[in-house]
Trainee: 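Quick one: this structure, given as structure tokens, is what I'll be asking you about.
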Number of protein chains: 2
Amino acid sequence: MIPEIDRIRTLLTAAGCAWTRPRAQVLAVLTAVAHPLRVEEIHRRLGDPRINLSSVYRALHLFHRLNVVRRLLLGDGAARYELAEAYRGHHHHLVCDACGRIEDVSRCPLEGRDLGAALGAAAAFAVRSHSLELFGL
Amino acid sequence: MIPEIDRIRTLLTAAGCAWTRPRAQVLAVLTAVAHPLRVEEIHRRLGDPRINLSSVYRALHLFHRLNVVRRLLLGDGAARYELAEAYRGHHHHLVCDACGRIEDVSRCPLEGRDLGAALGAAAAFAVRSHSLELFGL
DNA sequence: GAGGATTTGCAAACGATTTGCAACGGCCAA
DNA sequence: TTGGCCGTTGCAAATCGTTTGCAAATCCTC
Ligand SMILES: [Mn+2]
Ligand SMILES: [Mn+2]
Ligand SMILES: [Zn+2]
Ligand SMILES: [Zn+2]
């Protein structure tokens, strides 16, 4: 099926983790949508009502640890998840202050910037990733 | 006393809000430290044990609404607060993936960037603020 | 200092997330 | 293909940070 899912399945196997129905379905949901989803939303979209909400949480934890998904915290109480950079590409988000709508920005405003220079004194710091959200209207 | 606190007090008054002991002490804590604090930490540092944790939450809400403090969500369960841009200047944070230590970066890697250009299609979006955190070691 | 409006302390409610545990189901070896 | 082991799940209860209702305390204006 979808090549990303195959890649991820292989990755799970390599990490010694089982390929189970909850995990597969959570991934199916995440690959099917274009924007970050709350856990509750992911759970609701699973084809299978037998799957428990806590299994979704556990799957997302595992995926996050294996860098399969990215977790976003946008200020309302709930975390949002989307496929990680390796599967959806590096991008950032516009968050509307008024209605809360979220949109992707594929061009990274940091590209070409020498982050090391910006750090200055804290040169001992090796940047591994960054999180950038733009808020507005 | 500290000029920032006077400014903020004036601002509260202008907004029709009272200058009360909990609010003053929360501000005193925030102006005294250089890094973002969790609500629980702020509460612990108040000189006065009579002040209730929920008053700290309420004070921080008010301050956040009036743009006196900034709220940071760094991925562990708890929000962190620090004085807002107008009082501490625009800056970002380094977050250590290993130990969780947080450090300020005063140079903004976005300065001089035309965010509008980076947005591309979503030109209808007016960026009012941005949040950038750098993760690494 | 008195009056009325705001704010506080307290304790209970809340929503998101995590956890213990017994039943279950992938996965590998036979 | 089957058997069985060990990781995984469903379920319900616990936890955590945060919010809220309400009566009492505090602030601000006069
Ligand atoms: Mn996205
Ligand atoms: Mn800071
Ligand atoms: Zn970027
Ligand atoms: Zn900046």
Side-chain angles (χ1 to χ4, degrees), chain A residues 5-6 8-29 36-66 68-81 100, chain B residues 5-6 8-29 36-66 68-81 100:
Chain A
I5 293 196
D6 270 341
I8 294 168
R9 174 168 183 171
T10 305
L11 192 154
L12 280 214
T13 305
C17 299
W19 184 249
T20 65
R21 184 176 40 224
R23 290 172 183 172
Q25 294 211 30
V26 167
L27 270 186
V29 168
L37 294 176
R38 291 181 310 195
V39 183
E40 171 59 38
E41 295 174 324
I42 296 171
H43 180 242
R44 197 181 320 125
R45 295 182 190 224
L46 300 177
D48 191 335
R50 285 171 298 175
I51 297 176
N52 193 272
L53 181 59
S54 29
S55 302
V56 179
Y57 275 104
R58 289 193 266 230
L60 290 169
H61 270 166
L62 175 66
F63 293 155
H64 191 243
R65 184 164 61 76
L66 298 179
V68 168
V69 301
R70 157 152 82 144
R71 189 207 316 269
L72 296 173
L73 303 171
L74 300 179
D76 57 348
R80 287 182 166 75
Y81 293 86
Chain B
I5 293 196
D6 269 341
I8 293 168
R9 173 168 183 171
T10 305
L11 192 155
L12 280 214
T13 306
C17 299
W19 184 249
T20 65
R21 184 176 41 222
R23 289 172 182 173
Q25 293 211 27
V26 167
L27 270 187
V29 168
L37 294 176
R38 292 182 305 207
V39 183
E40 172 60 39
E41 295 174 324
I42 297 172
H43 180 242
R44 197 181 319 124
R45 294 182 189 225
L46 300 178
D48 192 334
R50 287 170 296 175
I51 297 177
N52 193 273
L53 181 59
S54 31
S55 301
V56 180
Y57 275 104
R58 289 193 266 230
L60 290 169
H61 269 167
L62 175 65
F63 293 156
H64 191 243
R65 184 163 60 77
L66 298 179
V68 168
V69 301
R70 156 151 84 145
R71 189 207 314 268
L72 295 174
L73 302 171
L74 300 179
D76 58 347
R80 288 181 165 75
Y81 292 87

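Below, chains carry the letters A, B, ... as their sequence lines are ordered, and counting in each starts from 1. Computed from a predicted model, the values in this text were never measured in an experiment.
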Trainee: Which residues pass the side chain to side chain contact (heavy atoms under 4.5 Å, CB included) test with Ala78(B), not counting sequence neighbours?
Mentor: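 Listed in chain order: Arg38(B).
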
Trainee: Which pair of heavy atoms, one from Ala15(B) and one from Leu66(B), lies closest together, and at what distance?
Mentor: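 Scanning both residues completely, I find the closest heavy atoms to be CB-CD2, 4.1 Å.
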
Trainee: Determine all donor-acceptor pairs shorter than 3.5 Å in which one atom belongs to a side chain in residues 44-53 of chain B; sequence neighbours excluded.
Mentor:
from	atom 1	to	atom 2	distance (Å)
Asp48(B)	OD1	Arg50(B)	N	2.8
Asp48(B)	OD1	Arg50(B)	NE	3.1
Asp48(B)	OD2	Arg50(B)	NE	3.2
Asp48(B)	OD2	Arg50(B)	NH2	2.7
Asn52(B)	OD1	Ser54(B)	N	2.8
Asn52(B)	OD1	Ser54(B)	OG	2.6

Trainee: Which heavy atom of Pro36(A) sits nearest to which heavy atom of Glu41(A), and what is that distance?
Mentor: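 Answer, listing the atom of Pro36(A) first, then Glu41(A): O-OE1, 4.4 Å.
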
Trainee: Given that Arg9(B) and Arg71(B) both sit by DNA chain D, which one's nearest nucleotide is further toward the 5' end?
Mentor: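 The 5'-side residue here is Arg71(B).
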
Trainee: Name all residues meeting the side chain to side chain contact (heavy atoms under 4.5 Å, CB included) criterion together with Ala18(B); count only those two or more places apart in sequence or in a different chain, and write none if there are none.
Mentor: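 Expected list: Thr20(B), Arg23(B).
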
Trainee: Please state whether the base of dG10(D) and the side chain of Arg58(A) form at least one donor-acceptor pair under 3.5 Å?
Mentor: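 Yes, a donor-acceptor pair under 3.5 Å.
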
Trainee: Going 5' to 3' along DNA chain C, between which two nucleotides do contacts with chain B fall, using a heavy-atom cut-off of 4.0 Å?
Mentor: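 Going 5' to 3' along DNA chain C, contacts run dT7(C) to dA11(C).
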
Trainee: Mind checking what makes side chain to side chain contact (heavy atoms under 4.5 Å, CB included) contact with Ala24(B), not counting sequence neighbours?
Mentor: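 If we apply the side chain to side chain contact (heavy atoms under 4.5 Å, CB included) test to Ala24(B), skipping adjacent residues, the hits are Trp19(B).
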
Trainee: Report yes if at least one side-chain N or O of Tyr57(B) is closer than 4.0 Å to OP1 or OP2 of dT18(D); otherwise report no.
Mentor: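 For dT18(D), OP1 or OP2 has a side-chain N or O of Tyr57(B) closer than 4.0 Å.
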
Trainee: Return the set of residues passing side chain to side chain donor-acceptor pair (under 3.5 Å) with His64(A) (not counting sequence neighbours), or none when no residue passes.
Mentor: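 For His64(A) the side chain to side chain donor-acceptor pair (under 3.5 Å) partners, ignoring immediate neighbours, are Arg71(A).
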
Trainee: For residues Ile42(A) and Leu60(A), report the shortest heavy-atom separation together with the two atoms involved.
Mentor: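 Heavy-atom minimum between the residues: CD1-CD1, 4.0 Å.
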
Trainee: Tell me, please, which residues at least two apart from Arg70(B) pass side chain to side chain donor-acceptor pair (under 3.5 Å).
Mentor: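 With neighbours one apart ignored, the set is Glu82(B).
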
Trainee: Check each residue of residues 14-27 of chain A for a non-hydrogen atom within less than 4.0 Å of any atom in DNA chain C, then write out the ones that pass by number, or none.
Mentor: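 Ala18(A), Trp19(A) - these, ordered by number, are the residues of the stretch whose heavy atoms sit under 4.0 Å from the strand.
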
Trainee: Closest approach of Leu62(B) and Cys17(B), non-hydrogen atoms and distance?
Mentor: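 So the minimum-distance heavy-atom pair works out to CD1-SG, 3.8 Å.
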
Trainee: Could you pull out the closest heavy-atom pair between Val56(A) and Val39(A), with the gap in Å?
Mentor: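 Shortest heavy-atom separation between Val56(A) and Val39(A) comes out as CG1-CG1, 3.8 Å.
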
Trainee: For the pair made of CG in Asp76(A) and C1' in dG17(D), what is the distance, rounded to whole Å?
Mentor: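 The distance from CG of Asp76(A) to C1' of dG17(D) comes to 15 Å, rounded to the nearest Å.
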
Trainee: Rounded to whole Å, please give me the gap between NE2 in His61(A) and C1' in dG7(D).
Mentor: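 Atom NE2 in His61(A) sits about 18 Å away from atom C1' in dG7(D).
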
Trainee: What is the distance from atom OG of Ser55(A) to atom CZ of Arg21(A), rounded to the nearest 0.5 Å?
Mentor: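 Here the rounded value is 10.0 Å.
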
Trainee: Within residues 42-53 of chain A, which residues have any heavy atom lying less than 4.0 Å from an atom of DNA chain C?
Mentor: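 None - not one residue of the stretch has a heavy atom sitting under 4.0 Å from the strand.
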
Trainee: Report the residue (Leu62(A) or Ala79(B)) whose heavy-atom-nearest nucleotide on DNA chain D is the more 5′ of the two.
Mentor: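 In this pair, the answer is Leu62(A).
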
Trainee: End-to-end bend of the helix from dG1(C)-dC30(D) to dA16(C)-dT15(D) (five-pair axes, 10° rounding)?
Mentor: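 Helix axis angle between the two ends: 30°.
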
Trainee: Sequence neighbours left out, what passes side chain to side chain donor-acceptor pair (under 3.5 Å) with Arg58(A)? Give chain and number order.
Mentor: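 Side chain to side chain donor-acceptor pair (under 3.5 Å) list for Arg58(A), sorted by chain: empty.
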
